[in-house]
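Structure first, commentary second.
Fair warning: this is a prediction, and the values are worked out from it, not measured in the lab.
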Number of protein chains: 2
Amino acid sequence: MGITERKEREKAGMQRLILDTAMKLFIDQGYESVSMRKIASIIEYSPASIYTYFPDKSSIFYELHIEGFTRLLRKQTEVQGVMDPAERLLQHGRAYLEFAFENPQYYDLMFIMRTPAEQIVKNKDWEHGMRSYELLKRNVQECRNAGYFKESTVDSVALMMWAVVHGIAALHIRQRLILMELNASYFEGLIKDSLKNLKNLIR
Amino acid sequence: MGITERKEREKAGMQRLILDTAMKLFIDQGYESVSMRKIASIIEYSPASIYTYFPDKSSIFYELHIEGFTRLLRKQTEVQGVMDPAERLLQHGRAYLEFAFENPQYYDLMFIMRTPAEQIVKNKDWEHGMRSYELLKRNVQECRNAGYFKESTVDSVALMMWAVVHGIAALHIRQRLILMELNASYFEGLIKDSLKNLKNLIR
DNA sequence: TTAATATACTAAACGGTGTTTAGTTTGTCA
DNA sequence: TGACAAACTAAACACCGTTTAGTATATTAA
């Protein structure tokens with residue numbers, strides 16, 4: 001009875017096609033260009049067909065935001081091998097910032113846009129966001145075990161670290177830094193500066 | 001020949017009415033509820049009439065974002081009387097955070113939404129944003145003169161301070177903190193924590 | 001005072017949007 | 001072979017920002 005399995009495969013394949021098409025539109029032409037009708041026309045189905053595979057547009061963005069977290073987690077896991085906890089925390093921050101600058105659309109979806117947040121609030125559940133935050137907290141905790149941050153709580157430090165890198169990433173992505181720093185290698189300069197400052201925080 | 005003046009008054013009055021109506025819709029019902037048609041119906045004009053007073057919807061949001069800066073600047077100026085530079089910088093940060101938490105829609109418009117940024121990028125001019133940033137830099141510079149931040153540049157410290165408070169404000173406003181801190185007086189706790197951390201940065 | 005002109009204003013349309021409805025085609029199973 | 005469920009679509013619903021063409025009104029110049 002492989003029919004059920006084949007049907008599931010076909011359904012998953014169609015969902016994949018829709019998600020890939022949506023993400024391609026999003027990356028190439030920006031958020032406003034991602035419309036149900038455009039996705040439908042590219043994959044050569046009627047707009048109503050998409051509703052067989054996703055309940056609404058926002059759940060398509062919700063799925064894409066999960067894929068962003070998978071990518072971020074992969075990048076951050078690469079850095080978990082660093083032995084020194086302070087250096088590891090720093091590299092953790094670097095990985096986060098690099099992800100934000102290299103994948104601005106994913107970052108936007110994950111941490112700035114309203115669309116996936118609606119579902120987070122409704123379900124009172126943000127599995128991937130929490131997993132990412134827990135990893136940060138673990139790294140902070142291990143710094144604490146090594147003698148750092150003795151004056152603060154883990155939560156307070158973790159939130160602070162997150163705020164620094166998110167602040168830079170969000171201001172950059174939403175174009176609030178273009179007039180402040182027009183020097184050469186703006187991108188590299190921002191990351192370098194942020195990390196220097198993160199370093200100052202670790203004591 | 002008071003006719004020209006009267007016409008200017010009438011035009012300005014109509015622009016005010018449109019801006020106030022737009023802001024009221026934005027605050028009461030959120031960004032998505034601000035439509036040209038809704039504004040028009042509330043002020044009892046046809047939608048096309050609005051185009052006599054504003055070239056497009058985005059320039060309405062641009063005007064509102066300027067008014068946000070006026071409010072923020074007023075709040076931050078109140079704090080400029082503090083004598084000690086380190087304490088003044090801290091209070092400057094507190095004023096910024098309080099503004100963000102008390103006026104989330106204005107804050108969104110000024111520092112998160114795409115809409116006014118389009119004009120900023122196009123005109124390569126962000127008078128109000130720059131003025132706000134210059135005030136921050138002045139306070140950092142005066143801390144430097146008093147012996148703080150000797151290891152960093154003024155720009156680097158200013159950007160860092162901004163990143164911390166923007167990070168917290170933006171994560172909160174776009175609902176990425178709801179699952180992290182569900183304790184009592186969430187709002188006060190966040191500001192308190194951020195300020196404690198800002199304090200740690202001043203050395 | 002009258003004719004010309006500029007301004008304010010509107011109804012209707014254009015080309016888009018997300019989503020729903022009603023109905024058809026297609027494939028699977030008893 | 002007939003029943004049923006799933007996939008799919010055309011068309012419609014209710015919106016959106018903006019433009020066009022035309023009207024009414026107020027101001028100015030002759």
Could you go over nucleotides 22-24 of chain D and give all protein N or O partners under 3.5 Å, atom names and distances?
none

Partners of A:Y51 by ring-ring contact (aromatic ring centres under 6.0 Å, His included), sequence neighbours excluded? none
Partners meeting ring-ring contact (aromatic ring centres under 6.0 Å, His included) with B:H166 (sequence neighbours left out): B:Y107
Sorted by number, the residues of residues 21-31 of chain A with heavy-atom contact under 4.0 Å to DNA chain D: none
With sequence neighbours excluded, residues passing side-chain hydrogen bond (donor to acceptor under 3.5 Å, both in side chains) with [X]:
| X | value |
| --- | --- |
| A:Q15 | none |
| B:S59 | B:D56 |
| B:K24 | B:D28 |
| A:Q105 | none |

Going by the rule side-chain contact (heavy atoms from CB on, under 4.5 Å), which residues pair with B:F101 if we only count those two or more places apart in sequence or in a different chain? B:L97, B:I168, B:H172, B:F187, B:L190, B:I191
Any chance you could list the contact pattern along nucleotides 9-24 of chain C? Use B for base contacts, S for sugar-phosphate-only contacts and - for none, protein heavy atoms under 4.0 Å, 5' to 3'. SBB-B---BBBB----
From [atom1] of [X] over to [atom2] of [N], roughly how many Å is that when rounded to an integer?
| X | N | atom1 | atom2 | value |
| --- | --- | --- | --- | --- |
| A:Q15 | D:dC8 | CD | P | 12 Å |
| A:I43 | D:dA7 | CD1 | C1' | 13 Å |
| A:L17 | D:dA7 | CG | P | 15 Å |

Any salt bridge between A:E32 and B:R114, counting N to O under 4.0 Å? no
With sequence neighbours excluded, what pairs up with A:E151 under the salt bridge (Lys or Arg N to Asp or Glu O under 4.0 Å) test? none
Could you work out, with salt bridge (Lys or Arg N to Asp or Glu O under 4.0 Å) as the rule, every residue matching A:D125, not counting sequence neighbours? none
